[in-house]
There are 2 protein chains.
Amino acid sequence: MTEPTRDRTGDEPIPEATVARLPVYLRGLLELADAGVETVSSVGLAELAGVNAANVRKDLSYLHAHGTRGVGYEVGHLVSEISLVLGGGRPSPVVIVGVGNLGRALSRYDGFVAGGFPIAGLVDADPAVVGRKVAGTVVRPVDELASLVAETGATVGIVATPAAAAQEAVGHLVAAGIRSILNFAPSVVAVPAHVDVRQVDLATELQILGYHQHRRTTGDTSRAAG
Amino acid sequence: MTEPTRDRTGDEPIPEATVARLPVYLRGLLELADAGVETVSSVGLAELAGVNAANVRKDLSYLHAHGTRGVGYEVGHLVSEISLVLGGGRPSPVVIVGVGNLGRALSRYDGFVAGGFPIAGLVDADPAVVGRKVAGTVVRPVDELASLVAETGATVGIVATPAAAAQEAVGHLVAAGIRSILNFAPSVVAVPAHVDVRQVDLATELQILGYHQHRRTTGDTSRAAG
DNA sequence: GGTGTCATGTGAACGCGCGCACAAGCGCGT
DNA sequence: ACGCGCTTGTGCGCGCGTTCACATGACACC
C-alpha cells in the first residue's frame with residue numbers, strides 16, 4: 001500500500017475517482033434511508049450506484065466509515081460521513097454568473113438546494129437583464145459580485161455565460177474570492193493555482209456519444225454476426 | 001466493452017480519454033479557422049485545449065490527421081477529420097424527454113445546433129405541458145416518442161426528467177430505438193448493452209467541488225509542516 | 001544545393017485506478 | 001459454547017493514460 005506522507009484523521013487525500021463516486025453513493029443512501037433501511041452491504045450499494053462491490057468497499061475505506069463484518073454498513077452513519085467529507089457539513093451558497101437560458105434553468109433547479117447548494121444570487125453583464133427577478137431573486141450587475149459574495153458568504157461560482165464571456169466571468173469570480181467554479185460555457189478558462197474549475201460541456205457530451213454511435217454503425221462487425 | 005480485435009483503416013478504437021478531448025480540440029480549431037489561421041502546432045493546440053503537447057500529438061496520431069514536421073497541422077484538415085470521427089459527418093437530431101426548467105433551457109441552447117445536434121422534438125409525460133410550444137417546437141406526449149424518432153431520424157435522446165422518472169424515460173427511448181442517451185437526471189439508470197449512456201449530474205459536480213474546497217480550508221497544508 | 005532549425009511521431013517508464021481473490025472478523029443458530 | 005455463513009477489508013496484478021525524451025523528417029534560408 002503506497003502510504004502518503006501523513007495519515008491524520010480527517011484529511012487523508014481521497015483519490016479523485018473515489019470523490020467522484022461519493023455523491024452517487026450518497027444519493028443511493030438517502031433513498032435507502034427514506035425507505036427505512038438501516039444497513040446496506042457493499043454489494044447492495046454497488047448495485048445502487050452501478051459500480052463494482054470491491055470498488056465500493058475500497059472507496060468507503062478511505063472514509064472513517066467502517067462497516068460491520070457479516071452485517072454491512074450503517075446507512076445513517078455513511079450518510080453523515082459522506083456528507084461531511086463532501087460538504088464540510090454546512091451548505092455552500094452558489095453565485096450564478098450569466099442569466100441566459102441555462103442560467104435561469106440552473107437558478108430554478110431544485111437539486112442544488114436539496115444538495116446543500118442554495119442560490120446566493122444571480123449576476124449578469126447585460127443591463128437589460130439586471131434588475132429583473134428570476135426564480136425569486138433579483139439579478140444584479142457584475143460589479144456587485146464581490147459585495148454579493150461577501151454578503152452571502154458564497155463559496156461556489158457557476159459560469160453560465162456565452163463562451164466568449166466565460167474567461168471574464170471567471171476573472172470576476174476569482175477577484176471576488178471564489179475558489180470553486182463550475183463552468184458551463186464551452187470554453188477552456190485559465191485560473192490561478194488555488195482555484196478549482198470543473199468543466200461541464202453539454203455539446204461535448206453529445207459529441208462523445210456521437211463518436212460511439214458513429215463507430216457502432218460504420219465499423220459494425222457484428223453485422224453478419226460472425 | 002467492444003472487441004478491439006480489428007485494426008482496419010477508419011475504425012481503430014480510439015481511447016476513451018482521447019475521444020473526450022477531441023471536442024475540445026475541435027472548438028479551438030474552429031476558433032483558429034475563424035481567425036484565418038491555417039496551421040497550428042501541437043504546442044499551440046495544447047495551450048488552447050489546456051492539455052499537454054505530447055498528449056495532443058498522441059491523440060491526433062489516432063486519427064488519420066498527420067501533420068507536417070517542422071510546420072504543424074493544417075487547421076482545416078484537422079477540423080474535418082475530427083468532425084468526421086465525432087459525428088460521422090452528418091448531424092444527429094436530438095429528442096429531449098422532460099420539458100421542465102432544464103429541458104426548456106436545453107431546447108433553447110444554441111450550442112447543440114451549432115455542434116451538429118439539432119432538436120428533433122420535445123416529449124413530456126405531463127398532459128399539462130403536452131401541446132405547449134417551447135422554443136418553436138410543440139411538446140408531444142410520451143407515447144408519440146417512437147413515431148417522433150422514426151419521423152425525424154433522431155439518434156440521440158436527452159433525459160431531463162426528475163430522478164424518479166428517469167428510468168422510465170430511458171426505457172421509452174430505448175424502446176423507440178435510441179442508442180445514445182445523455183442523462184441529466186440525478187439517477188443511475190440501467191440500459192441494455194447496446195445502449196450508451198452518459199451521465200451529467202449538476203449536483204454531483206458541485207459536491208466534488210465542495211470536497212476540494214472543504215479540504216483546502218480544513219486540511220490546509222500551508223499550516224505547519226509535520 | 002546544403003545546412004540549420006523546428007515540429008512531428010513514438011518508445012518507454014511511471015502512476016493511478018480497477019477488479020479479483022482471499023484472509024479476518026462478526027453475528028446467529030444450534 | 002461452538003461452528004457456520006456472511007461481509008468487510010485489502011494485497012496484488014493488470015490495463016489505461018500521461019508524460020518525458022529522442023529520433024525522424026520537412027521546410028526555409030543562404
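Proteins come first, then strands; the chains are lettered A, B, ... in the order of their sequence lines, and each starts at number 1.
A residue-by-residue look at A:Glu16 and A:Arg57 shows that A:Glu16 has its nearest nucleotide of DNA chain C further toward the 5' end. Mapping A:Val71 and A:Ala54 onto DNA chain D by nearest heavy atom places A:Val71 closer to the 5' end of the strand.
Within the 4.5 Å cutoff, the side chain of B:Ile158 has no heavy atoms near those of the B:Val95 side chain. Between A:Val191 and A:Asp196 there is no side-chain heavy-atom pair separated by less than 4.5 Å. Between B:Val142 and B:His172, the closest side-chain pair of non-hydrogen atoms falls below 4.5 Å. In this structure, the side chains of A:Val197 and A:Val159 stay at 4.5 Å or more apart for every pair of heavy atoms.
Rounded to whole Å, the distance from OH on B:Tyr73 to P on C:dA7 is 12 Å. Look at CG on A:Leu63: it is 14 Å from C1' on D:dT8, rounded to the nearest Å. Between the CD1 atom of B:Ile14 and the C1' atom of D:dG17 there is a distance of 15 Å, rounded to whole Å. Rounded to an integer number of Å, the gap from CG of A:Asp59 to C1' of C:dG17 is 10 Å. D:dT10 atom P lies 12 Å from atom CG of A:Leu60, rounded to whole Å. If you take CG of B:Asn52 and P of C:dT8, they are 12 Å apart, rounded to a whole angstrom. If you measure from atom CG of B:Leu78 to atom C1' of C:dG9, you get 14 Å, rounded to the nearest angstrom. D:dT8 atom C1' lies 18 Å from atom NE2 of A:His64, rounded to whole Å.
Taking CG from A:Leu106 and CD1 from A:Ile96, the interatomic distance works out to 5.0 Å, rounded to the nearest 0.5 Å. The OG atom of A:Ser180 sits 12.5 Å away from the CD atom of B:Glu205 when rounded to the nearest 0.5 Å.
Candidate nucleotides C:dA7, D:dC20, D:dA26 were compared by shortest atom distance to the side chain of B:Ser41, and C:dA7 ranks first. Distances were taken from every side-chain heavy atom of B:Pro15 (C-beta onward) to each of D:dT8, C:dG9, D:dG17; the shortest belongs to D:dG17. Closest to the B:Arg69 side chain, of the nucleotides D:dA23, C:dC18, D:dG17, is D:dA23. Listed nucleotides C:dT8, C:dC26, D:dG11 differ in distance to B:Ser42; the shortest reach to its side chain belongs to C:dT8. When distances run from any side-chain atom of A:Asn55 to the nucleotides C:dC18, D:dA26, C:dG9, the shortest one goes to C:dC18. Proximity note for A:Ala17 (side chain, C-beta onward) versus C:dT8, C:dC18, D:dT10: the nearest is C:dC18.
Residue B:His66 has a polar side-chain atom (N or O) positioned under 4.0 Å from OP1 or OP2 of C:dG9. Within the 4.0 Å cut-off from OP1 or OP2 of D:dT10, not a single side-chain nitrogen or oxygen of A:Tyr62 is found.
The shortest non-hydrogen separation linking B:Ile208 to A:Pro23 is CG1-CG, 4.4 Å.
Overall, the helix from C:dG1-D:dC30 to C:dT30-D:dA1 carries an axis bend of 10° between its ends, with five pairs at each end and the value rounded to 10°.
Screening A:Ile181, A:Asn183, A:Thr161 for a side chain to side chain contact (heavy atoms under 4.5 Å, CB included) involving A:Val97 leaves a single residue, A:Thr161.
For B:Lys58 and D:dT19, a side-chain-to-base donor-acceptor distance below 3.5 Å is present, hydrogens and geometry of angles not being considered.
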